[in-house]
Enquirer: 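Here you go, one structure.
A, B, ... follow the sequence lines: proteins, then strands. Residue 1 opens every chain.
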Protein chains: 2
Amino acid sequence: MDTLTALGKFREHVETYVKLNDVEWQALAPLLEVNILKKKKNFAEPGKVCNQIGLVVKGAVRYFLVKNGEEITGYFSFENELLSSYKSFLTRQPGENYIQALEDCQIVTLSYKAMQQIYGDVLIGAKMERFGRLIAEHYLICYEDRVSSFVTQTPEERYNKLMETGGDILQRIPQHYIANFLGITPVSLSRIRRRIMKISA
Amino acid sequence: MDTLTALGKFREHVETYVKLNDVEWQALAPLLEVNILKKKKNFAEPGKVCNQIGLVVKGAVRYFLVKNGEEITGYFSFENELLSSYKSFLTRQPGENYIQALEDCQIVTLSYKAMQQIYGDVLIGAKMERFGRLIAEHYLICYEDRVSSFVTQTPEERYNKLMETGGDILQRIPQHYIANFLGITPVSLSRIRRRIMKISA
DNA sequence: AAAAATTCTTATCTTTTGTTAACGTTTTGA
DNA sequence: TCAAAACGTTAACAAAAGATAAGAATTTTT
């Protein structure tokens, strides 16, 4: 995908939250970068401050951390979704997890420095401040739902829900990552799948 | 606590995120209300849109929903913490959970209407927009950590963590609510506690 | 093309959790 | 104050999940 199209995707994404006129977009666009992240390469690493927020324009990434020598996957981002070690990005403290490309990715990034600069911009600051609020609110709701699913649902119910609403996650992502995402082991997910197969058969 | 002191608590809370001068505070204060919420009374209910965000000035509340005829507790708010069915508040859709006073509470509230009005205010709008962003970011980080705890920790590890960092939660909140909060049954939590007792004895 | 690594399933065994019920204690409310 | 409700622990059993290992199928790498 060429740079201009990629930037356009970023504009589209911003505009799902706040409308921009062309002048405002001209103020924002120069601060963006379009990057390639090859499969297995890291966008963020534990111990390092995450200095970018990004929009996945093409590809998919996986969030994970290493515990007892094992990788535990907590999240994914796909096309037209933001990615960032957001806590690290916001707090300016070293992050705890990797963000790694599952496929070759194209990512439009905005640096923390540019983000702060733009919050203070007379022309577009207020709108970006609102954008910042709305994306935080958006992801807050996502996390709220996810916490609720852990408290109120069994692993099997969570998996069923993911089949209904997860889009192409189940096709694109290796199953043992999905298991982590659901808070269970890969072996356990395999058993759940078998239980479901038997019931529906 | 008298009204003025309660309002002062609200100002203090806002000022942990953005500083306000007296003029700005005079624009904000008239939009606030100080309410009493008696024990067992609901601040929010499923099926109703949550029209207020509130600051707990005194007391504590519990978030729960009813599933299969049973109450499942997902969260709490204590003194100097915000409370709201935030998803419902933001999306203007009916909420799914109760927010109920665990003790007699004093709560400073700000309505959705007032919040939108203040976002558009020339004098203080930009600052409140930033406040809205920062609290969303703050709670986003809280939820992110909580999701992470479900994915990477066992119930026993979550309980140990809560003992270390949970402040007076364990003293103030009935244990079966804590169990829900940790994503397990009350019986299971009782067993975990016994295991820990034996080990440390 | 062959070797290595990854992925998923299945089996076995152990541990943990869920479920239900009983019991004593404490708290609540009429 | 007295009965009812709520709370925490324990027990017994069933269900589910974790740990480990083996094996087949697929994908990746060399």
Enquirer: If you measure from the Lys or Arg side-chain nitrogens to the Asp or Glu carboxylate oxygens, is any gap between A/Glu129 and B/Arg133 under 4.0 Å?
Expert: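 Counted as a salt bridge, because a side-chain N and a carboxylate O are separated by less than 4.0 Å.
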
Enquirer: Nearest whole Å is fine: how far is C/dG18 P from B/Ile72 CD1?
Expert: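 Interatomic distance, CD1 of B/Ile72 to P of C/dG18: 11 Å.
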
Enquirer: Identify, with sequence neighbours excluded, every residue that meets side-chain hydrogen bond (donor to acceptor under 3.5 Å, both in side chains) alongside A/Glu24.
Expert: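 So A/Glu24 forms a side-chain hydrogen bond (donor to acceptor under 3.5 Å, both in side chains) with A/Lys127.
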
Enquirer: Which residue pairs satisfy the salt bridge (Lys or Arg N to Asp or Glu O under 4.0 Å) criterion with at least one member in residues 141-153 of chain B, sequence neighbours excluded?
Expert: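 Found A/Lys87-B/Asp145.
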
Enquirer: Verify the contact: side-chain N or O of A/Gln175 to OP1 or OP2 of C/dT9, cut-off strictly under 4.0 Å; return yes or no.
Expert: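 Checking A/Gln175 against C/dT9: at least one side-chain N or O falls below 4.0 Å of OP1 or OP2.
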
Enquirer: Do the side chains of A/Glu156 and A/Arg195 get close enough for a salt bridge, i.e. N-O under 4.0 angstrom?
Expert: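 Yes, this pair counts.
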
Enquirer: Is the distance from the ring center of A/Tyr143 to that of B/Tyr143 below 6.0 Å?
Expert: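 A/Tyr143 vs B/Tyr143: aromatic centres not under 6.0 Å.
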
Enquirer: Can I get a per-line list of side-chain donor-acceptor pairs under 3.5 Å for residues 98-109 of chain B, giving both atom names and the distance, sequence neighbours left out?
Expert:
| residue | atom | partner | partner atom | Å |
| --- | --- | --- | --- | --- |
| B/Gln100 | NE2 | B/Asn42 | OD1 | 2.9 |
| B/Glu103 | OE1 | B/Arg172 | NH2 | 3.1 |
| B/Glu103 | OE2 | B/Arg172 | NE | 3.2 |
| B/Glu103 | OE2 | B/Arg172 | NH2 | 3.3 |
| B/Asp104 | OD1 | B/Lys39 | N | 2.8 |
| B/Gln106 | NE2 | B/Met1 | O | 2.8 |
| B/Thr109 | OG1 | B/Asn35 | ND2 | 3.0 |

Enquirer: Nearest-nucleotide wise, let me know which of B/Arg191 and B/Ile173 is further upstream toward the 5' end of DNA chain D.
Expert: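 Checking each residue's closest nucleotide, the 5'-ward one belongs to B/Ile173.
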
Enquirer: Roughly how many Å is it from CD in B/Glu70 to C1' in C/dT19, rounded to a whole number?
Expert: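 From B/Glu70 CD to C/dT19 C1': 10 Å.
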
Enquirer: Quick one: side chain to side chain contact (heavy atoms under 4.5 Å, CB included) partners of B/Asp22, sequence neighbours excluded?
Expert: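 By the side chain to side chain contact (heavy atoms under 4.5 Å, CB included) rule, B/Asp22 matches B/Arg11.
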
Enquirer: Please list, chain by chain and in numerical order, all residues satisfying side-chain hydrogen bond (donor to acceptor under 3.5 Å, both in side chains) with A/Lys9, sequence neighbours excluded.
Expert: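 Not a single residue meets the side-chain hydrogen bond (donor to acceptor under 3.5 Å, both in side chains) criterion with A/Lys9.
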
Enquirer: Can you give me every donor-acceptor pair (side chain of residues 181-192 of chain A, partner residue at least two apart or in another chain, under 3.5 Å) with its distance?
Expert:
| residue | atom | partner | partner atom | Å |
| --- | --- | --- | --- | --- |
| A/Thr185 | OG1 | A/Ser188 | N | 3.2 |

Enquirer: What is the first contacted nucleotide of DNA chain D and what is the last, in 5' to 3' order, if contact means an atom lying under 4.0 angstrom from a heavy atom of chain A?
Expert: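 Extent of the interface on DNA chain D: D/dA17 to D/dT28.
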
Enquirer: Residues from residues 177-187 of chain B sitting under 4.0 Å of DNA chain D, heavy atoms only?
Expert: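 The stretch gives B/Val187 as the residues lying under 4.0 Å from the strand, ordered by number.
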
Enquirer: The helix from C/dA1-D/dT30 to C/dA30-D/dT1: angle between its terminal axes, five pairs each, to 10°?
Expert: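 Answer rounded to 10°: the end axes differ by 60°.
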
Enquirer: For B/Ser88, give me all partners under side chain to side chain contact (heavy atoms under 4.5 Å, CB included), at least two apart in sequence or on another chain.
Expert: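 Here the qualifying residues are B/Val49, B/Cys50, B/Ser85.
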
Enquirer: Determine the contact category for A/Ser188: base if any of its heavy atoms lies under 4.0 Å from a base atom, sugar-phosphate if only primed atoms, P, OP1 or OP2 are that close, otherwise nothing.
Expert: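 The residue A/Ser188 makes sugar-phosphate contact but no base contact.
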
Enquirer: Within the sub-3.5 Å range, which N or O atoms of nucleotides 22-29 of chain C have a protein N or O partner, and how far apart are they?
Expert:
| residue | atom | partner | partner atom | Å |
| --- | --- | --- | --- | --- |
| C/dT28 | OP1 | B/Lys39 | NZ | 3.3 |

Enquirer: Step by step, work out the salt bridge (Lys or Arg N to Asp or Glu O under 4.0 Å) result for B/Glu96 and B/Lys48.
Expert: CA-CA 8 Å; B/Glu96 290 155 21; B/Lys48 294 185 181 175; over 6 Å; no

Enquirer: Report the residues that fulfil side chain to side chain contact (heavy atoms under 4.5 Å, CB included) with A/Tyr112, sequence neighbours left out, ordered by chain and then residue number.
Expert: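 By the side chain to side chain contact (heavy atoms under 4.5 Å, CB included) rule, A/Tyr112 matches A/Phe89, A/Arg92, A/Gln116.
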
Enquirer: Using a strict 4.0 Å threshold on nitrogen-to-oxygen distance, state whether B/Lys161 and B/Glu157 make a salt bridge.
Expert: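 Salt bridge absent between B/Lys161 and B/Glu157.
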
Enquirer: Report yes if a side-chain nitrogen or oxygen of A/His176 is closer than 4.0 Å to either non-bridging phosphate oxygen (OP1 or OP2) of C/dC8; otherwise report no.
Expert: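 For C/dC8, OP1/OP2 do have a side-chain N/O of A/His176 under 4.0 Å.
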
